[in-house]
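Below is one structure, written out as structure tokens, with a few remarks after it.
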Amino acid sequence: MAYWLMKSEPDAYSIEDLRRDRTEVWDGVRNYQARNFIASMAIGDKAFFYHSNTKPPGIVGLMEVVEINVVDPTQFDRESKYYDPKSLREKPRWHTVTVGYLETFKSVISLDELRKTFSPEELWVVRQGNRLSVMPVDDMVAEKLLHKIQAA
DNA sequence: GCCAACGTTGGC
DNA sequence: GCCAACGTTGGC
């Protein structure tokens, strides 16, 4: 079982939305590195939900991977900003996962706090200028995070 | 709203 | 294959 971190702007889709929906297809990822990370996910993996572009940005909850190899429907949707005219129905370019809601943390673990706790090598999200929206989280880092939440 | 970081596109 | 131009992300 591996740990991940997945970003979303809460205006677009938040942990509250996921709590309501229970599960959600994580669509709209159009970055190859992020896509490759998604492709290496397994059912049962856990992912920290990170709210970006908000005050404060940070980790707000936990979800799990419940389905893999999901064809991202937005690539065929002309109305979607994620529409990809190069993608063919018989050969989709973008696959993703379905995530399931696990919990909302009692308080946000802010980016500021993450910076104080982890080095850029330990946790990619604290790297300056990091724009990657899906990234792996080292087991030890994940355990520290979960412990921090229990303490909070 | 600004702007640094940085990924992508396209001309050559 | 290089790299300038361009577009987007996301913290501040």
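Residue numbering restarts at 1 for every chain, and letters A, B, ... go by the order of the sequence lines. The shown structure was predicted, so the numbers you read here are calculated from the model rather than taken from an experiment.
Both A:Lys86 and A:Gly129 lie close to DNA chain B; mapped to their nearest nucleotides by heavy-atom distance, the more 5′-ward contact belongs to A:Gly129.
At least one side-chain heavy atom of A:Leu132 sits under 4.5 Å from a side-chain heavy atom of A:Gln33.
Taking the charged nitrogens against the carboxylate oxygens, A:Asp72 and A:Arg30 do have a contact shorter than 4.0 Å, which makes a salt bridge. Under a 4.0 Å N-O distance rule, the pair A:Glu103/A:Arg19 does not qualify as a salt bridge.
Side-chain N/O atoms of A:Tyr13 and A:Asp21 include a donor and acceptor closer than 3.5 Å.
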Evaluation steps, salt bridge (Lys or Arg N to Asp or Glu O under 4.0 Å), between A:Glu121 and A:Arg127: CA-CA 8 Å; A:Glu121 291 73 30; A:Arg127 290 183 195 181; over 6 Å; no
How would nucleotides 2-12 of chain C be written as a contact map, 5' to 3', with B for base contact, S for sugar-phosphate-only contact and - for no contact, using protein heavy atoms under 4.0 Å? -----BBBBBS
